[in-house]
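This report concerns only the one structure given below.
Below, chains carry the letters A, B, ... as their sequence lines are ordered, and counting in each starts from 1.
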Amino acid sequence: MHTTQTIFLDFEEPIKEVLDQIQSAKDLSENGGIDADTILKELDEKLETKCKEIHENLTPWQKVQLSRHPERPYTLDYIQALTNGDFRELHGDRNVGDDKAMIGGFGSIDGKTVMFIGQQKGRKTKQRQMRNFGMANPEGYRKAMRLMKLAEKFNKPIVCLIDTPGAYPGLEAEERGQGEAIARNLYEMMLLKVPIICIIIGEGASGGALGIGIGDKVFMLENTWYSVISPESCSSILWRSWDFKERAAEALKLTAKDMLGNKLIDGIIKEPLGGAHANPTVMYKKLRTELKKNLTKLGKMKVEKRTQERIDKFSSMGVVVK
Amino acid sequence: MAWFKRDKKSITTPTKEKKETPDGLWVKTSSGNIIESKELAKNFYVDPEGHHTRIGSKEYFDIIYDDAYYTEIHEKIASGDPLQFEDNKKYTDRIVATQKKTGLVDACRSAYGKTSGQHLVVTCMDFAFIGGSMGSVVGEKIALAIDYAIKKKCPFMMISKSGGARMMEAGFSLMQMAKTSAKLTQLSQKKLPYISYLTDPTTGGVTASFAMLGDVNIAEPNALIGFAGPRVIKETIGMDLPKGFQTSEFLLEKGFLDYIVDRRELRPELERIIRLLQN
């Protein structure tokens with residue numbers, strides 16, 4: 001089993017232990033001239049077993065933690081990989097500025113142009129601040145809409161990569177109409193004449209995620225979450241403490257499996273063993289295959305039928321007793 | 001010798017003859033004055049200082065519809081419990097208890113009738129029901145009310161009064177934002193007016209969906225309107241919020257409302273905007 005992971009969450013520790021054993025076996029065989037092939041093979045099997053054991057029994061809260069894993073690929077990583085670097089980022093909402101928490105631009109997948117939109121998180125402290133932790137302001141949502149309309153004009157499909165802890169709850173965000181910006185996107189995305197595919201690649205928190213989340217197909221990667229509130233905030237409201245986040249994560253039914261079971265998304269994209277962060281290359285390949293398959297399918301549909309089905313799908317969501 | 005002489009000995013009325021003062025005969029206004037509640041009702045629940053007290057769907061329907069005559073529609077739709085949600089109380093128990101306490105089925109009601117002679121469908125949120133929170137029922141009732149307005153070829157009015165999405169329906173609540181927005185595109189395609197009336201308070205997922213999508217967005221004076229709640233913003237920025245932040249007047253100034261309508265002027269103002277849009 002291959003992994004590029006270097007940072008391990010507490011429940012991933014057993015994986016690290018085996019990896020350390022593998023490393024020392026390798027060191028021994030290289031420096032000590034000992035033939036460690038058999039041991040290495042055994043350890044590799046052990047690694048895979050451990051990995052499966054952990055990943056097949058993840059709790060909802062552990063999935064939330066994985067969705068925030070510091071080594072998980074972010075939006076621009078996916079775009080660079082999907083387009084082999086053939087991507088031109090476009091900036092600004094043409095009104096108040098350029099929101100660095102929301103990125104977008106044209107790129108090509110196997111010669112076909114796609115408009116990519118997504119929240120962007122940063123990796124180091126400075127980058128994280130620059131990206132505002134992936135929390136967009138109203139101008140971010142308005143930039144996203146400007147770019148989506150641009151895609152519509154040139155008849156190019158839209159792919160939204162969603163990864164946000166929420167829309168930014170700041171003073172200026174309110175002044176510039178955070179609520180209106182998100183509401184406008186929900187409305188306009190329903191009517192866009194080009195195919196839209198949305199994928200939750202990390203965190204899908206509430207209106208901030210939904211603001212670029214209206215798609216003909218909405219997918220979640222296996223280890224992501226999507227809900228109306230984060231487990232921590234839910235815990236602090238219902239139990240007046242952050243200590244009940246595990247319970248909140250369970251109650252919210254926020255995993256990909258639950259969301260699909262409740263027909264609130266259209267599908268789950270499997271992650272490589274160990275998660276997207278353990279083997280990004282495999283993750284990119286899987287995503288590319290899924291995207292190409294669905295873009296082709298959606299591209300063949302009549303425009304009216306496609307938008308009508310999009311509207312009908314969202315109109316039918318909910319469970320009531322009549 | 002005492003200065004004053006007491007003729008009667010303390011209270012002589014026997015307990016059974018005691019007259020009870022009915023509850024709610026008097027109300028305290030925003031500035032602390034005591035006025036008769038009948039007086040307040042006559043004044044559209046706006047106190048002499050101009051403060052708009054919070055009222056429910058029944059009061060709004062009575063104000064809006066001619067002779068307070070209207071038909072409630074889709075009144076039986078109630079909450080399911082798709083997630084079997086439970087915190088320190090079961091969600092289903094919470095619903096039943098709230099229904100008992102408020103006499104309401106869920107956080108909004110819809111009605112059809114005439115205002116100043118013009119047909120109008122209104123969906124009005126009830127803050128008394130779990131903070132007017134939006135779950136599947138609110139989404140479905142708005143969707144059906146829009147269908148009804150399309151069928152009757154009349155305008156649709158939404159009166160928002162809500163803390164936002166209902167946490168206990170998690171993903172379902174979130175998707176009601178998408179659902180209501182989807183339905184509004186259909187109303188729009190029929191060129192039927194959508195009037196959004198924002199009242200105190202309108203926040204969260206409600207602001208970030210149908211409340212902000214009116215052909216005209218109007219609000220009651222001095223209502224709290226925003227996406228994030230004031231407490232959350234204060235915690236995020238670590239500063240006190242400026243005076244008047246997130247009020248109707250603030251939103252009007254920032255360009256998110258068309259105008260502010262005093263509740264006492266709601267009927268004539270509705271008549272005017274519907275006539276101007278549709279004559």
Side-chain angles (χ1 to χ4, degrees), chain A residues 138 166-171 173-191 204 206-211 213-214 226-229 233-234 237-239 244 247-248 251-254 258-259 262 264-265 307 310-322, chain B residues 76-83 85-88 135-137 139-140 143 165-179 181-186 188 203-213 225-229 232-233 236-237 239 241-242 245-246 250-251 254-256:
Chain A
Y168 188 60
L171 194 97
E174 293 292 321
E175 285 182 347
R176 296 196 286 267
Q178 189 72 285
E180 196 275 345
I182 292 171
R184 189 64 50 201
N185 279 17
L186 302 184
Y187 184 93
E188 296 291 341
M189 285 182 86
M190 293 288 170
L191 300 170
S206 201
L210 190 65
I214 307 298
Y226 194 11
S227 195
V228 76
I229 192 166
S233 303
C234 178
I237 291 172
L238 289 182
W239 291 279
F244 297 86
R247 224 171 120 186
L252 287 168
K253 306 276 190 320
L254 43 60
D258 286 323
M259 287 294 281
N262 286 323
L264 297 172
I265 58 162
T307 47
R310 191 187 304 153
I311 289 171
D312 290 346
K313 178 178 78 179
F314 284 101
S315 296
S316 70
M317 288 180 182
V319 171
V320 297
V321 183
K322 292 198 182 186
Chain B
K76 291 217 173 77
I77 296 171
S79 178
D81 179 19
L83 304 179
F85 196 93
E86 188 175 351
D87 44 275
N88 31 36
S136 297
V137 175
E140 178 70 6
R166 186 174 297 169
M167 205 159 38
M168 299 81 142
E169 287 186 37
F172 284 101
S173 295
L174 179 63
M175 293 308 159
Q176 301 314 305
M177 293 169 65
K179 175 172 180 164
S181 305
K183 293 304 288 186
L184 284 173
T185 65
Q186 296 180 325
S188 192
T203 58
V206 169
T207 306
S209 59
F210 55 82
M212 274 294 160
L213 291 172
I225 303 166
F227 173 66
V232 176
I233 302 168
T236 307
I237 62 170
M239 281 192 302
L241 300 173
F245 183 65
Q246 292 187 310
F250 173 88
L251 265 87
K254 296 293 172 192
F256 295 100

**Q.** Verdict with supporting geometry, A/L238 and B/N88, side chain to side chain contact (heavy atoms under 4.5 Å, CB included)
**A.** CA-CA 8 Å; A/L238 289 182; B/N88 31 36; 6.0 Å; no

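The two residues B/F85 and A/C234 have their closest heavy-atom pair at CZ-SG, 4.5 Å. Nearest approach of B/S209 to A/L186, heavy atoms of both residues: CB-CD1, 4.1 Å. Taking both residues in full, the closest heavy atoms of B/I233 and A/G170 are given as CG2-C, 3.9 Å, listed atom of the first, atom of the second, then distance. Shown here for A/Y187 and B/S181, the closest heavy-atom pair between the two residues is CD1-O, 3.8 Å. Scanning both residues, B/M212 and A/G179, for their nearest heavy atoms gives CG-C, 4.3 Å. Nearest heavy atom pair, residue B/A165 against residue A/V228, reads CB-CG2, 3.4 Å.
Atom CE in B/M168 sits 11.0 Å away from atom CG in A/L252 (nearest 0.5 Å). Rounding to the nearest 0.5 angstrom, the gap separating the OG atom in A/S227 from the CD atom in B/E169 is 11.5 Å. With rounding to the nearest 0.5 angstrom, the CG atom of A/D258 is 8.0 Å from the CG atom of B/L83. Within the model, atoms CZ of B/F227 and CZ of A/R176 stand 14.5 Å from one another, a figure rounded to the nearest 0.5 Å. The distance from atom CE of A/M190 to atom CD of B/Q186, rounded to the nearest 0.5 Å, is 10.0 Å. Taking CD of A/E180 as the start and CD1 of B/I225 as the end, the distance is 13.0 Å to the nearest 0.5 Å.
Your options are B/G229, B/G171, B/A178, B/G80, and the one with the most heavy-atom pairs under 4.5 Å with chain A is B/A178. Listed options A/Q178, A/E175, A/M317, A/K322 were ranked by heavy-atom pairs under 4.5 angstrom with chain B; first place goes to A/E175. Contact count against chain A (heavy-atom pairs under 4.5 Å) is highest for B/S136 among B/S136, B/G226, B/S79. The residue among B/I77, B/D87, B/D81, B/T207 with the most heavy atom pairs within less than 4.5 Å of chain A is B/D87. Top candidate by heavy-atom pairs under 4.5 Å with chain A, chosen from B/K76, B/K183, B/M177, is B/M177.
For B/L184, the parts sitting under 4.5 Å from any heavy atom of chain A are the backbone and the side chain alike. B/F250 touches chain A through its side chain: at least one heavy atom from C-beta onward sits under 4.5 Å away, while N, CA, C and O do not. Residue B/A143: no heavy atom, backbone or side chain, is found under 4.5 Å from chain A. Both the backbone and the side chain of A/L264 come within less than 4.5 Å of a heavy atom in chain B. For a residue to count as touching a neighbouring chain, one of its non-hydrogen atoms must lie under 4.5 Å from one of that chain's; by this rule A/I214 touches chain B with the side chain only. In this structure, chain B has heavy atoms under 4.5 Å from both the backbone and the side chain of A/I311.
Using a distance-only test at 3.5 Å, with no hydrogens or angles considered, no donor-acceptor pair links the side chain of B/E140 to the main chain of A/V319. Side chain of A/E174 to backbone of B/A228: a donor-acceptor contact under 3.5 angstrom is found.
Residues A/K253 and B/F172 fail the side-chain proximity criterion, which asks for heavy atoms closer than 4.5 Å.
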